[in-house]
Amino acid sequence: MSLADNYIALREETGNEVKIIAVSKTKPVGMIRVLYDAGHLDFGENRVQEMVAKHEVLPPDIRWHLIGHLQTNKVKYIAPFVSVIQSVDSLKLLLEINKEAAKNHRVIDCLLQFHIATEETKFGLSLAEAEEILHDPLVKEMRNIRICGVMGMATFTDNESLISMEFRSLKSIFNTLKEEFFSDDPGFCEISMGMSGDYKLAIAAGSTIVRIGSLIFGER
Ligand SMILES: *Cc1c(COP(=O)(O)O)cnc(C)c1O
(Lines give C-alpha, C1' and ligand atoms only; values in the text may rest on other atoms or scores of the structure.)
Protein backbone atom coordinates (compact mmCIF):
# COMPACT_ATOMS: atom_id res chain seq x y z
CA MET A 1 0.00 0.00 0.00
CA SER A 2 1.07 3.58 -0.59
CA LEU A 3 1.69 6.07 2.18
CA ALA A 4 -1.69 7.75 1.63
CA ASP A 5 -3.43 4.35 1.55
CA ASN A 6 -1.83 3.35 4.87
CA TYR A 7 -3.10 6.56 6.36
CA ILE A 8 -6.61 6.26 4.96
CA ALA A 9 -6.92 2.64 6.16
CA LEU A 10 -5.84 3.67 9.66
CA ARG A 11 -8.19 6.65 9.60
CA GLU A 12 -11.11 4.38 8.75
CA GLU A 13 -10.14 1.86 11.40
CA THR A 14 -9.75 4.33 14.25
CA GLY A 15 -12.83 6.40 13.38
CA ASN A 16 -13.57 10.02 14.15
CA GLU A 17 -13.34 9.79 17.92
CA VAL A 18 -9.59 9.25 18.03
CA LYS A 19 -7.05 11.77 16.70
CA ILE A 20 -4.06 10.44 14.79
CA ILE A 21 -0.67 12.11 15.19
CA ALA A 22 1.52 10.98 12.30
CA VAL A 23 4.96 10.52 13.86
CA SER A 24 7.35 11.67 11.13
CA LYS A 25 10.66 11.56 13.06
CA THR A 26 13.60 10.55 10.82
CA LYS A 27 11.30 10.63 7.75
CA PRO A 28 11.86 13.09 4.87
CA VAL A 29 9.67 16.15 4.30
CA GLY A 30 8.48 14.65 0.99
CA MET A 31 6.61 11.97 2.91
CA ILE A 32 5.03 14.55 5.22
CA ARG A 33 3.91 16.44 2.09
CA VAL A 34 2.13 13.37 0.76
CA LEU A 35 0.06 13.05 3.94
CA TYR A 36 -0.52 16.80 4.07
CA ASP A 37 -1.86 16.66 0.51
CA ALA A 38 -4.16 13.83 1.65
CA GLY A 39 -5.57 16.27 4.22
CA HIS A 40 -3.59 15.36 7.35
CA LEU A 41 -2.34 18.23 9.54
CA ASP A 42 -1.04 16.72 12.81
CA PHE A 43 2.57 15.55 12.86
CA GLY A 44 4.77 14.43 15.74
CA GLU A 45 8.52 14.84 16.13
CA ASN A 46 10.72 13.93 19.07
CA ARG A 47 13.67 16.23 18.38
CA VAL A 48 13.60 20.03 18.48
CA GLN A 49 16.15 20.57 15.70
CA GLU A 50 14.42 18.22 13.32
CA MET A 51 11.02 19.77 14.01
CA VAL A 52 12.35 23.30 13.41
CA ALA A 53 14.01 22.27 10.13
CA LYS A 54 10.85 20.60 8.85
CA HIS A 55 8.59 23.43 10.00
CA GLU A 56 10.70 25.89 8.00
CA VAL A 57 10.09 24.15 4.66
CA LEU A 58 6.54 22.85 5.11
CA PRO A 59 3.14 24.63 5.06
CA PRO A 60 2.47 26.85 8.10
CA ASP A 61 -0.91 25.26 8.88
CA ILE A 62 0.72 21.96 9.90
CA ARG A 63 0.14 21.31 13.63
CA TRP A 64 3.43 20.16 15.16
CA HIS A 65 3.36 17.99 18.28
CA LEU A 66 6.55 17.58 20.28
CA ILE A 67 6.51 14.03 21.68
CA GLY A 68 10.12 13.65 22.86
CA HIS A 69 11.89 14.83 25.98
CA LEU A 70 12.26 18.61 25.96
CA GLN A 71 15.08 20.53 27.65
CA THR A 72 14.11 23.95 28.98
CA ASN A 73 16.89 25.68 27.04
CA LYS A 74 15.35 24.47 23.75
CA VAL A 75 11.79 25.66 24.32
CA LYS A 76 12.57 29.00 22.64
CA TYR A 77 13.22 27.35 19.27
CA ILE A 78 9.76 25.79 18.97
CA ALA A 79 7.65 28.30 20.93
CA PRO A 80 6.91 30.44 17.84
CA PHE A 81 5.06 27.65 16.06
CA VAL A 82 4.61 24.40 18.04
CA SER A 83 1.01 23.36 18.45
CA VAL A 84 1.17 20.85 21.33
CA ILE A 85 3.98 19.86 23.68
CA GLN A 86 3.01 16.35 24.72
CA SER A 87 6.04 15.66 26.89
CA VAL A 88 5.80 18.07 29.84
CA ASP A 89 7.41 16.45 32.86
CA SER A 90 8.28 19.28 35.27
CA LEU A 91 7.04 22.59 36.67
CA LYS A 92 10.26 24.20 35.48
CA LEU A 93 9.48 23.18 31.90
CA LEU A 94 5.90 24.39 32.18
CA LEU A 95 7.11 27.80 33.41
CA GLU A 96 9.58 28.06 30.55
CA ILE A 97 6.93 27.13 27.95
CA ASN A 98 4.62 29.76 29.44
CA LYS A 99 7.36 32.40 29.30
CA GLU A 100 8.35 31.67 25.72
CA ALA A 101 4.74 31.38 24.57
CA ALA A 102 4.04 34.82 26.09
CA LYS A 103 6.99 36.31 24.19
CA ASN A 104 5.39 35.00 21.02
CA HIS A 105 1.87 36.14 22.00
CA ARG A 106 0.70 32.56 21.86
CA VAL A 107 -1.02 29.93 24.00
CA ILE A 108 0.64 26.52 23.75
CA ASP A 109 -1.29 23.34 24.49
CA CYS A 110 0.53 20.95 26.82
CA LEU A 111 0.07 17.36 27.93
CA LEU A 112 1.61 16.00 31.12
CA GLN A 113 3.74 12.95 30.38
CA PHE A 114 3.45 10.02 32.79
CA HIS A 115 5.77 7.12 33.43
CA ILE A 116 3.48 4.11 33.10
CA ALA A 117 5.93 1.53 31.73
CA THR A 118 7.91 -0.93 33.83
CA GLU A 119 11.07 0.07 31.93
CA GLU A 120 13.43 2.48 33.68
CA THR A 121 14.29 4.36 30.50
CA LYS A 122 11.02 6.13 29.79
CA PHE A 123 10.53 9.72 30.93
CA GLY A 124 7.52 10.96 32.80
CA LEU A 125 5.81 11.89 36.04
CA SER A 126 4.13 9.85 38.74
CA LEU A 127 0.63 10.82 39.84
CA ALA A 128 2.05 12.29 43.07
CA GLU A 129 4.56 14.42 41.16
CA ALA A 130 1.83 15.73 38.85
CA GLU A 131 -0.38 16.58 41.82
CA GLU A 132 2.48 18.49 43.38
CA ILE A 133 2.95 20.50 40.17
CA LEU A 134 -0.77 21.22 39.79
CA HIS A 135 -1.09 22.33 43.41
CA ASP A 136 1.61 24.96 42.85
CA PRO A 137 0.01 28.43 42.88
CA LEU A 138 2.14 29.42 39.90
CA VAL A 139 0.20 27.06 37.64
CA LYS A 140 -3.03 29.06 37.89
CA GLU A 141 -1.21 32.21 36.90
CA MET A 142 0.17 30.86 33.65
CA ARG A 143 -1.82 32.54 30.89
CA ASN A 144 0.09 31.22 27.90
CA ILE A 145 -0.23 27.50 28.36
CA ARG A 146 -3.25 25.23 28.41
CA ILE A 147 -2.98 21.84 30.11
CA CYS A 148 -5.12 19.60 27.89
CA GLY A 149 -4.51 16.13 29.26
CA VAL A 150 -2.01 13.33 29.69
CA MET A 151 0.43 11.29 27.62
CA GLY A 152 2.25 8.02 28.20
CA MET A 153 4.12 5.13 26.58
CA ALA A 154 3.57 1.51 27.47
CA THR A 155 6.37 -1.00 27.97
CA PHE A 156 7.90 -2.34 24.75
CA THR A 157 6.77 -5.95 25.07
CA ASP A 158 4.60 -8.68 23.52
CA ASN A 159 2.74 -9.03 26.81
CA GLU A 160 -0.62 -7.53 25.89
CA SER A 161 -2.10 -7.78 29.35
CA LEU A 162 0.79 -5.75 30.76
CA ILE A 163 0.35 -3.12 28.03
CA SER A 164 -3.41 -2.93 28.65
CA MET A 165 -2.83 -2.60 32.37
CA GLU A 166 -0.43 0.31 31.79
CA PHE A 167 -2.90 2.06 29.49
CA ARG A 168 -5.67 1.60 32.03
CA SER A 169 -3.40 3.11 34.68
CA LEU A 170 -2.95 6.24 32.51
CA LYS A 171 -6.69 6.48 32.01
CA SER A 172 -7.14 6.27 35.77
CA ILE A 173 -4.51 8.99 36.32
CA PHE A 174 -6.43 11.15 33.85
CA ASN A 175 -9.70 10.57 35.74
CA THR A 176 -8.08 11.43 39.07
CA LEU A 177 -6.57 14.68 37.79
CA LYS A 178 -9.77 15.60 35.99
CA GLU A 179 -11.72 15.27 39.22
CA GLU A 180 -9.12 16.95 41.44
CA PHE A 181 -8.07 19.88 39.26
CA PHE A 182 -10.03 20.15 36.02
CA SER A 183 -13.65 19.24 36.80
CA ASP A 184 -14.87 22.58 35.41
CA ASP A 185 -12.41 22.70 32.50
CA PRO A 186 -13.69 20.95 29.35
CA GLY A 187 -10.29 21.62 27.73
CA PHE A 188 -8.69 18.94 29.90
CA CYS A 189 -9.88 16.03 27.78
CA GLU A 190 -6.97 14.31 26.01
CA ILE A 191 -5.36 10.95 26.69
CA SER A 192 -2.45 10.45 24.29
CA MET A 193 -1.53 6.77 24.30
CA GLY A 194 -0.93 4.11 21.65
CA MET A 195 1.73 3.66 18.97
CA SER A 196 1.95 1.43 15.86
CA GLY A 197 2.32 -1.76 17.89
CA ASP A 198 -0.26 -1.14 20.59
CA TYR A 199 -2.79 1.45 19.42
CA LYS A 200 -5.69 -1.02 19.41
CA LEU A 201 -5.14 -1.79 23.09
CA ALA A 202 -4.81 1.93 23.79
CA ILE A 203 -8.09 2.79 22.10
CA ALA A 204 -9.82 -0.02 24.00
CA ALA A 205 -8.48 1.55 27.22
CA GLY A 206 -9.82 5.02 26.36
CA SER A 207 -7.17 6.77 24.25
CA THR A 208 -8.21 10.00 22.49
CA ILE A 209 -4.93 10.52 20.62
CA VAL A 210 -2.75 7.84 19.04
CA ARG A 211 0.81 8.56 17.89
CA ILE A 212 1.55 6.45 14.84
CA GLY A 213 4.91 6.34 13.06
CA SER A 214 6.02 3.12 11.38
CA LEU A 215 2.54 1.89 10.50
CA ILE A 216 2.05 4.97 8.31
CA PHE A 217 5.58 5.79 7.13
CA GLY A 218 7.22 2.36 7.21
CA GLU A 219 9.98 1.09 9.49
CA ARG A 220 12.63 3.55 10.66
C1 LIG B 1 8.49 7.16 17.89
C2 LIG B 1 7.37 7.46 18.79
C3 LIG B 1 6.06 7.07 18.47
C4 LIG B 1 5.68 6.30 17.22
O5 LIG B 1 6.23 5.03 17.21
P6 LIG B 1 5.80 3.91 16.14
O7 LIG B 1 6.04 2.64 16.84
O8 LIG B 1 6.68 4.12 14.95
O9 LIG B 1 4.37 4.13 15.81
C10 LIG B 1 5.05 7.41 19.37
N11 LIG B 1 5.30 8.09 20.51
C12 LIG B 1 6.54 8.47 20.85
C13 LIG B 1 6.74 9.20 22.13
C14 LIG B 1 7.62 8.16 20.01
O15 LIG B 1 8.86 8.55 20.37
Is the number of heavy atoms from other residues, nucleotides or ligands under 6.0 Å of [X] [atom1] greater than 12?
{"X": "Lys74", "atom1": "NZ", "value": "no"}
{"X": "Arg11", "atom1": "CZ", "value": "yes"}
{"X": "Glu160", "atom1": "CD", "value": "no"}
{"X": "Glu13", "atom1": "CD", "value": "yes"}

Out of curiosity, [X] [atom1] to [Y] [atom2], how far, rounded to the nearest 0.5 Å?
{"X": "Thr26", "Y": "Arg47", "atom1": "OG1", "atom2": "CZ", "result": "9.5 Å"}
{"X": "Leu93", "Y": "His69", "atom1": "CG", "atom2": "NE2", "result": "8.0 Å"}
{"X": "Arg220", "Y": "Lys27", "atom1": "CZ", "atom2": "NZ", "result": "7.0 Å"}
{"X": "Arg63", "Y": "Phe81", "atom1": "CZ", "atom2": "CZ", "result": "15.0 Å"}
{"X": "Ile20", "Y": "His40", "atom1": "CD1", "atom2": "NE2", "result": "6.5 Å"}
{"X": "Ser207", "Y": "Glu17", "atom1": "OG", "atom2": "CD", "result": "12.0 Å"}

Is any side-chain heavy atom of [X] less than 4.5 Å from a side-chain heavy atom of [Y]?
{"X": "Ser192", "Y": "Arg211", "value": "yes"}
{"X": "Val139", "Y": "Ile147", "value": "yes"}
{"X": "Met51", "Y": "Val82", "value": "yes"}

Side-chain donor-acceptor contacts of residues 55-62 below 3.5 Å, not counting sequence neighbours, with atom names and distances?
unit_1, atom_1, unit_2, atom_2, d
Asp61, OD1, Tyr36, OH, 2.7
Asp61, OD2, Tyr36, OH, 3.1

Members sharing Leu162's hydrophobic cluster (side chains within less than 4.5 Å):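 Hydrophobic cluster check, Leu162: joined to Met165.
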
With under 30° as parallel and over 60° as perpendicular, where do the rings of His135 and Phe181 fit, or are they tilted in between?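 Rings of His135 and Phe181: perpendicular, as their planes differ by over 60°.
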
For Asn144 and Lys99: C-alpha separation, side-chain torsions, deciding distance, then whether side chain to side chain contact (heavy atoms under 4.5 Å, CB included) applies. CA-CA 7 Å; Asn144 297 82; Lys99 190 182 95 190; over 6 Å; no

Short side-chain to backbone donor-acceptor contact, Thr157 and Asn159, under 3.5 Å: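 Yes: the side chain of Thr157 pairs with the backbone of Asn159.
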
Within the side chain of Asp89, is there an N or O that forms a donor-acceptor pair under 3.5 Å with the backbone of Gly124?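 Side chain of Asp89 to backbone of Gly124: no pair is present.
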
Sort out for me which residue in Ile191, Leu112, Thr208 forms a side chain to side chain contact (heavy atoms under 4.5 Å, CB included) with Phe174.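 That would be Ile191.
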
Salt bridge between Glu96 and Lys92, side-chain N to carboxylate O under 4.0 Å?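 No, no charged N to carboxylate O under 4.0 Å.
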
